[in-house]
Amino acid sequence: MSKVRVRFAPSPTGGLHLGGVRTVLFNYLFAKKHGGDFIVRIEDTDQTRFVPGAEEYIFNCLKWCGLVPDESPVHGGPYAPYRQSERKSLYKEYALQLVKDGHAYYAFDTPEELESMREKLKATGSSSLQYDHHIRMNMNNSLRLLPEETQELLDKNTPYVIRIKVNPNEFIPFTDMIRGEMEFDTNNVDDKVLLKADGMPTYHLAVVVDDYLMKITHAFRGEEWLPSAPVHILLWKYLFGLDDMPHWAHLPLILKPDGNGKLSKRDGDRLGFPVYAMDWKDVTTNEITKGFKEIGFLPEAFINLLAVLGWNDGTEQEIFSMEELIEKFSIERVHKGGAKFDFEKAKWFNHEWIKKLEVGSLLPEVKRILTEKGIIITDDNYLKEVIALIKDRCTLIPDFYTQASFFFEAPKSFDVDAVKPKWNEDKKKFFIEWQSRLSDIADWNTLAIEESFKQLAAEKNIKPGELQLPFRIMLVGGKFGPAVFQIAFLIGKAATISRIATASEIFG
Ligand code: GLU
């Protein structure tokens, strides 16, 4: 078998939907598993949909996810250029070849003529308004015109498009790596435009020509492209022969949480979760759509949760690293049906990955989030100890701020209501006396603090359990955080004593 070559072929038109990242991931895993190449080709032939910054954004998302292309407009490669707009001059000869072979034709119809065709079709109650074998012999194209009429129009530089000529009443057999054997009825396929009036190819022509020229062996893309597959297969057959055609797989949709249709950006806005990999700023409205990265997902978790949206390895295993995915992935195990997106489950993956990752791997992100909130980190080792203590309590990266801030600064407020009902003179005295006992501890460590606490509680005949909550609130400000004596140990003697003093005043 020739070397596996797969491609992700996005049109740079906006934010990168998680379904798009999953498409990249499945391509990438397949390539890496088979020692192949992963190519990113930018499909920007539709200049009306061009969005500045969208291409750079896609590459930033791939970088964050750790899905590094082997070839792309940014990474270069032997089949450059990888941007279809830069390959414009290449496509026309293929369109002309198709015309010459009788598989395509010139169509000179003006927008008004096309509109009137649709109006007529509507008036006759036709279920389809497509430009196809039913109507093409009534239109202004080289199939209906005499050759010399066509030539005259061409000589006069009359604007034209080139359309594929789809023969009716044929069945196109097709094997999809996920769906198995399929068949398309050409009666449902319209004469798609291949080359536009401005000389740009449409997606249909460009995708086939480039997959051929770039020696793509496998093409995995979203299920929404399945209806276009017959056109692509016909083009392969007419231009290059089916032997070299890539193996196709159409990936199932990612569905709304209730399973009712494709998950859209609007669903995310409505239900309060992101659908884009990273923050996307709309250049016309300046509106920012939140991304998984910015709300605090780890790339490892994002990749993991996408991998299992529609795939499993046949066991109960849910947590996979990229290396494991590369080893275990197989396209045949991707499900045919759509996969429901569950944001709570997505967060569960992030929580598991925070638990799983080494403190050192979490350090840069946690440091960034704390610094952003105004906490100055002077000692990475101290921060590492803090992270080790709190990481199991964090689901999203910003949780590290809530769980860690009191290790760096005294609480700004205290949950007095949680202490007040059981606060009394005895407890107040306990904490006053304990401050001096604490200052006498020579070797400040968790055990020494706890022993001194228990010792004094016993002397005062107060249950230690009754004193722990007020102590926690003194140090942390609220009813949360890891083991309280460990907190005291980490923040140090001076801070512990000063927080006890401040809070005791407030508790009254
Ligand atoms: N340019 C298409 C897109 O935007 C690519 C579809 C394909 O992979 O063939 O999704």
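Whatever order the structure lists them in is the order used to number ligands and atoms, beginning at 1. Given the structure is predicted, the values throughout are model-derived calculations rather than measurements.
- Ring-plane geometry between Tyr238 and His103 is classed as parallel, the angle between the planes falling under 30 degrees on a 0 to 90 degree scale with a further cut at 60.
- Within the structure, every pair that satisfies the side chain to side chain donor-acceptor pair (under 3.5 Å) test and touches residues 6-28, not counting sequence neighbours, is listed here: Arg7-Asp211.
- Taking every heavy atom of Val207 and a limit of under 4.0 angstrom, the matching atoms of ligand 1 come to 9 (O).
- Every atom of ligand 1 with a heavy atom of Ser11 under 4.0 Å away is listed here by number and element: 1 (N), 4 (O).
- Below 4.0 Å from some heavy atom of Glu43 lie the following atoms of ligand 1, by number and element: 1 (N), 2 (C), 5 (C).
- Counting protein heavy atoms only, atom 7 (C) of ligand 1 is closest to Tyr203 OH, 3.2 Å.
- With Phe329 as the aromatic partner, Lys33 does not meet the cation-pi criteria of under 6.0 angstrom to the ring centre and within 45 degrees of the ring axis.
- A heavy-atom separation below 4.0 Å is not found between Glu224 and ligand 1.
- Ligand 1 has a nitrogen or oxygen under 3.5 angstrom from a nitrogen or oxygen of Ala9.
- Using bins of under 30°, 30° to 60° and over 60° for the plane-to-plane angle, the ring pair Trp280/Tyr57 lands in the perpendicular bin.
- Looking at Trp225 against ligand 1, only its side chain comes within 4.0 Å, counting heavy atoms.
- Residue, atom and distance of the protein heavy atom nearest to atom 8 (O) of ligand 1 are Arg7 NH1, 2.7 Å.
- Using a 30° and 60° split on the angle between ring planes, Trp225 and Tyr203 fall in the tilted class, from 30° to 60°.
- The cationic atom of Arg163 (NZ for Lys, CZ for Arg) lies less than 6.0 Å from the six-membered ring centre of Tyr131 and within 45° of the ring axis.
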